[in-house]
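The structure appears right after this line, and notes come after that.
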Protein chains: 2
Amino acid sequence: MPTNPPPHLSPRKRPRQARAAVTLDAIFEATIQVLVSDGPRRLTTTRVAERTGVSVGTMYQYFPHKQALFYALNERYLDIVAERVEDACRAQQGAEVAAMVEALVTAYWQVKTERAEVTRALYKSVVELDNEPLIEAFARRVDAATSTMLASASDADFADLPTVVLTLLTSIFGTVRSVFERNLPIEEADAVLRHLVLMCNAYIRTVKLPAECVTA
Amino acid sequence: MPTNPPPHLSPRKRPRQARAAVTLDAIFEATIQVLVSDGPRRLTTTRVAERTGVSVGTMYQYFPHKQALFYALNERYLDIVAERVEDACRAQQGAEVAAMVEALVTAYWQVKTERAEVTRALYKSVVELDNEPLIEAFARRVDAATSTMLASASDADFADLPTVVLTLLTSIFGTVRSVFERNLPIEEADAVLRHLVLMCNAYIRTVKLPAECVTA
DNA sequence: CCCCAAACTGAACGATCCTTCATATTCTCA
DNA sequence: TGAGAATATGAAGGATCGTTCAGTTTGGGG
């Protein structure tokens, strides 16, 4: 949310009446549907409008151009994902690292899997716009959440927490993405997921400082 | 190479004279340049031809359409990457697993980094075509090379080698990709890379079978 | 040296696609 | 209830892009 909205990509106007809010939601949903069924290259203002059951002009009342719509869609999506990860992190405050890592991987995987086609479609559509600010804001949020979670671990401390967090998140996100894009069969995907947890935990054991039993 | 070429994507004709071979190479190079400087959305037959210093018609003598050019370009690129990985794997036959893992990660990172802009551009351009067969062929090659390498390790055996290899490769490829796309500063990228090696090795230690000192 | 095949040219066509705007419809609240 | 604001319409304009093909140039073998 605290993302500074790039001027040229910000929405044109906010809905003031109920029907407008409905229309806006419908536009987003239609965009996803077109993306999933027709692919990012066939994502067309006309097609989105048609799927929404609305005329093209209506779209242009809310977004100055196609990219802005796209940008807003990604913003929405990343917001959901970030929130989920933050929730998972909060729920593990003070727990043991192993549980934290498992929760982190699982939460991310779950939110990506719940609407797998949407995830895949959005992964593919990243090209269409310059969404680095979005990604960066997302990364910052998740990084912060993970950092405070790990810092609160009951059974571990780290010499270089920032690097550990960066490595952990980069590998988790990257691995999940690869699994999605390679379209692995469910059994293999599950196996990789389980082993990813093993891997991250093994990593944590390697980089955590030797235990000092009492700190207070 | 032994990829069965999808009929609609295969090149139109092979060069028979020297100048034609030169032209073909120039087209590929120009495609990369346009991709890097203008982005995948502005990759246009006209632009490529212009950058090549050739007319549009010439392109269409070698490729039936834009997608075929794109496909061939990715094929070339993935071939190079796969070859490098295979070389690295061969060089580590019979070594210790730790060395193998480090060599694998390093080799992959290196080949991706040598022409970073090209890598980034191609990562982004994946959308433009249905290159699943290419990716799959690449995955098979690298998977096979890694499998035989790990099987020859002097100090480790694995209960479920296929899953170990799949996990290893998925996470390495995914992590490297994430590092690239997030455009991390060099120091952070290097740090993640080092920790990725740590992580993979920690993982290997976790999943390898307890040593039986003598097998013969 | 000459001729045919290989290689190259580029204007032109058709197909989309994004965006606008003058107009029509619907809602809200005074 | 009526008027002004909010919302919706969709044909039309302008731009870009992929692809073709009739014709020209170039190269190499006989």
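Proteins come first, then strands; the chains are lettered A, B, ... in the order of their sequence lines, and each starts at number 1.
Using a 4.0 Å cut-off between a side-chain N of Lys or Arg and a carboxylate O of Asp or Glu, A:Glu114 and A:Arg84 qualify as a salt bridge. The residues B:Arg177 and A:Glu181 are annotated as salt-bridged, a charged nitrogen and a carboxylate oxygen being separated by less than 4.0 angstrom.
Set against C:dC27, D:dC17, C:dT19, the side chain of A:Tyr60 has C:dT19 as its closest nucleotide. Here the side chain of A:Val56 is nearest to one of C:dT19, C:dT9, C:dA6, namely C:dT19.
Projected onto DNA chain D by closest heavy-atom contact, A:Thr23 and B:Arg42 fall at different nucleotides, the more 5' of which corresponds to A:Thr23. Mapping B:Gly57 and A:Arg41 onto DNA chain C by nearest heavy atom places B:Gly57 at the nucleotide closer to the 5' end. The 5' end of DNA chain D is approached more closely, in terms of each residue's nearest nucleotide, by B:Thr45 than by the other of B:Thr45 and B:Gln17.
In this entry the distance linking CZ of B:Arg14 with P of C:dA6 reads 15 Å, nearest Å. The CD atom of B:Glu50 sits 11 Å away from the P atom of D:dC17 (whole-angstrom rounding). In this entry the distance linking CG of B:Asp38 with C1' of D:dT16 reads 14 Å, nearest Å. Following rounding to the nearest Å, A:Gln67 (CD) and C:dT19 (C1') show an atom-to-atom distance of 14 Å. Between the CZ atom of B:Arg16 and the C1' atom of C:dC4 there is a distance of 14 Å, rounded to whole Å. Atom pair B:Phe63:CZ and D:dG18:P shows a separation of 15 Å (rounding to whole Å applied). Rounded to whole angstrom, the span from the CZ atom of A:Arg19 across to the P atom of D:dA5 amounts to 15 Å. One atom, CE of B:Met59, and another, P of D:dG18, lie 8 Å apart when rounded to the nearest Å.
Here B:Leu69 lies out of heavy-atom contact (under 4.0 Å) with every strand. Counting non-hydrogen atoms under 4.0 angstrom, A:Arg47 reaches the backbone sugars and phosphates but no base. Residue contacts shown for A:Thr58 include a base, since a base heavy atom lies under 4.0 Å away. Backbone-only contact: B:Leu43 has heavy atoms under 4.0 Å from sugar-phosphate atoms and none from a base.
Within the 3.5 Å criterion, the main-chain N or O of A:Phe173 finds no donor-acceptor partner in the side chain of A:Lys112.
Residue A:Ser55 has no polar side-chain atom (N or O) positioned under 4.0 Å from OP1 or OP2 of D:dA8. Within the structure, every side-chain polar atom (N or O) of B:Thr46 is placed at least 4.0 Å from both OP1 and OP2 of D:dC17.
Between B:Val48 and B:Val56 the shortest side-chain heavy-atom distance does not fall below 4.5 Å.
For D:dA6, its base never sits under 3.5 Å from the side chain of A:Gln61 at any donor and acceptor pair.
Within a 6.0 Å sphere centred on CD of B:Glu102, other residues, nucleotides and ligands contribute 12 heavy atoms or fewer.
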